[in-house]
Amino acid sequence: GQNIDQPTEMTATEGAIVQINCTYQTSGFNGLFWYQQHAGEAPTFLSYNVLDGLEEKGRFSSFLSRSKGYSYLLLKELQMKDSASYLCAVRLHTGGFKTIFGAGTRLFVKA
Amino acid sequence: DTEVTQTPKHLVMGMTNKKSLKCEQHMGHRAMYWYKQKAKKPPELMFVYSYEKLSINESVPSRFSPECPNSSLLNLHLHALQPEDSALYLCASSHAGLAGGPNQETQYFGPGTRLLVL
């Protein structure tokens with residue numbers, strides 16, 4: 001079976017750093033994505049990792065360890081607008097284009 | 001242009017109605033997707049089209065019928081839906097390269113159609 005685990009909710013303070021973890025057990029792996037989704041809106045792409053290591057993009061960084069089935073999304077200098085759900089998604093190596101999503105982590109940024 | 005558009009934004013339909021959801025992209029993507037998302041749940045894949053051919057059907061009931069008339073358009077025809085089918089329906093597109101890197105793998109989502117079945 002396919003399984004992606006993320007914490008349900010997290011709270012952090014404006015200006016701080018927060019790390020959102022994701023663990024996965026999937027039959028095949030061909031990349032891991034992080035998406036941001038504000039309530040009532042579509043997911044928007046944040047980052048993509050297919051090799052082990054850290055990918056940095058502005059205030060957002062994403063890390064992957066394939067041997068551990070583990071990723072995290074690091075958000076620095078938190079802003080109120082970062083309050084959203086963060087979805088971890090794994091693209092399966094099925095020869096098709098199947099991506100499965102975790103349940104998402106709802107992040108609340110407080111002043 | 002990195003936009004995926006969907007119409008309508010909202011749809012209310014009875015269980016005997018027939019309606020269609022539409023999705024359009026002009027990014028040259030050859031893979032297009034339909035997802036269903038219930039409140040506070042992740043998107044669930046329904047269908048994938050690759051080069052205008054259906055490549056994945058996630059055992060979706062036949063009351064949902066996808067159609068890909070050309071490389072820019074994706075439709076979802078709805079007939080005899082149930083109240084539990086009420087959800088946000090998201091369309092997405094991506095490049096269809098088999099060995100692609102990040103830009104080819106990334107799915108771009110439309111704003112969704114919020115469907116209510118009465």
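Lettering follows sequence order; numbering is per chain, from 1. All values reported here derive from a predicted model rather than from experimental measurement.
Within a 6.0 Å sphere centred on CD of A/Glu77, other residues, nucleotides and ligands contribute 12 heavy atoms or fewer. No more than 12 heavy atoms of other residues, nucleotides or ligands shown are found within 6.0 angstrom of NZ on B/Lys40.
Both A/Leu78 and A/Leu73 are assigned to one and the same hydrophobic cluster, defined by single-linkage of ILVMFWY side chains at heavy-atom distances under 4.5 Å. No continuous path of ILVMFWY side-chain contacts below 4.5 Å connects B/Val4 to B/Leu115, so the two sit in separate hydrophobic clusters. Under the 4.5 Å side-chain heavy-atom criterion for Ile, Leu, Val, Met, Phe, Trp and Tyr, B/Leu73 and B/Leu54 are members of distinct hydrophobic clusters. A/Leu92 and B/Tyr49 fall into different hydrophobic clusters, defined by Ile, Leu, Val, Met, Phe, Trp and Tyr side-chain heavy atoms under 4.5 Å apart, directly or through other members. Linking ILVMFWY residues whenever their side-chain heavy atoms come closer than 4.5 Å, directly or via other members, places B/Leu11 and B/Trp34 in the same cluster.
The minimum heavy-atom distance linking A/Ala42 with B/Gly110 is given by the pair CB-O, 2.7 Å. Scanning all heavy atoms of the two residues, the minimum distance from B/Pro43 to A/Pro43 falls at CG-CG, 4.4 Å.
Summarising the geometry, atom CD belonging to A/Gln37 is positioned 6.5 Å from atom CG belonging to B/Leu90; distances are rounded to the nearest 0.5 Å. One distance of note links OH of B/Tyr108 with OG1 of A/Thr44; it measures 11.0 Å at 0.5 Å rounding. A distance of 10.5 Å separates CG of B/Leu88 from CD of A/Glu41, quoted to the nearest 0.5 Å. Atom CD1 of residue A/Ile100 and atom CG of residue B/Leu45 lie 10.0 Å apart, to the nearest 0.5 angstrom.
For B/Gln6, no part sits under 4.5 Å from any heavy atom of chain A, backbone or side chain. Using a 4.5 Å cut-off between heavy atoms, B/Gln37 touches chain A through its side chain atoms alone.
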Candidate pair B/Tyr35 and A/Phe101, rule side chain to side chain contact (heavy atoms under 4.5 Å, CB included), full reasoning: CA-CA 11 Å; B/Tyr35 288 88; A/Phe101 286 79; 3.6 Å; yes
Would you sort out whether A/Lys98 and B/Val48 count as a side chain to side chain contact (heavy atoms under 4.5 Å, CB included), showing the intermediate values? CA-CA 8 Å; A/Lys98 186 171 181 178; B/Val48 181; 6.0 Å; no
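With ring centers used as reference points, A/Tyr35 lies under 6.0 Å from B/Phe109.
A/Leu54 forms part of a hydrophobic cluster together with A/Ile17, A/Phe63, A/Tyr70, A/Tyr72, A/Leu74, judged by ILVMFWY side-chain heavy-atom separations under 4.5 Å.
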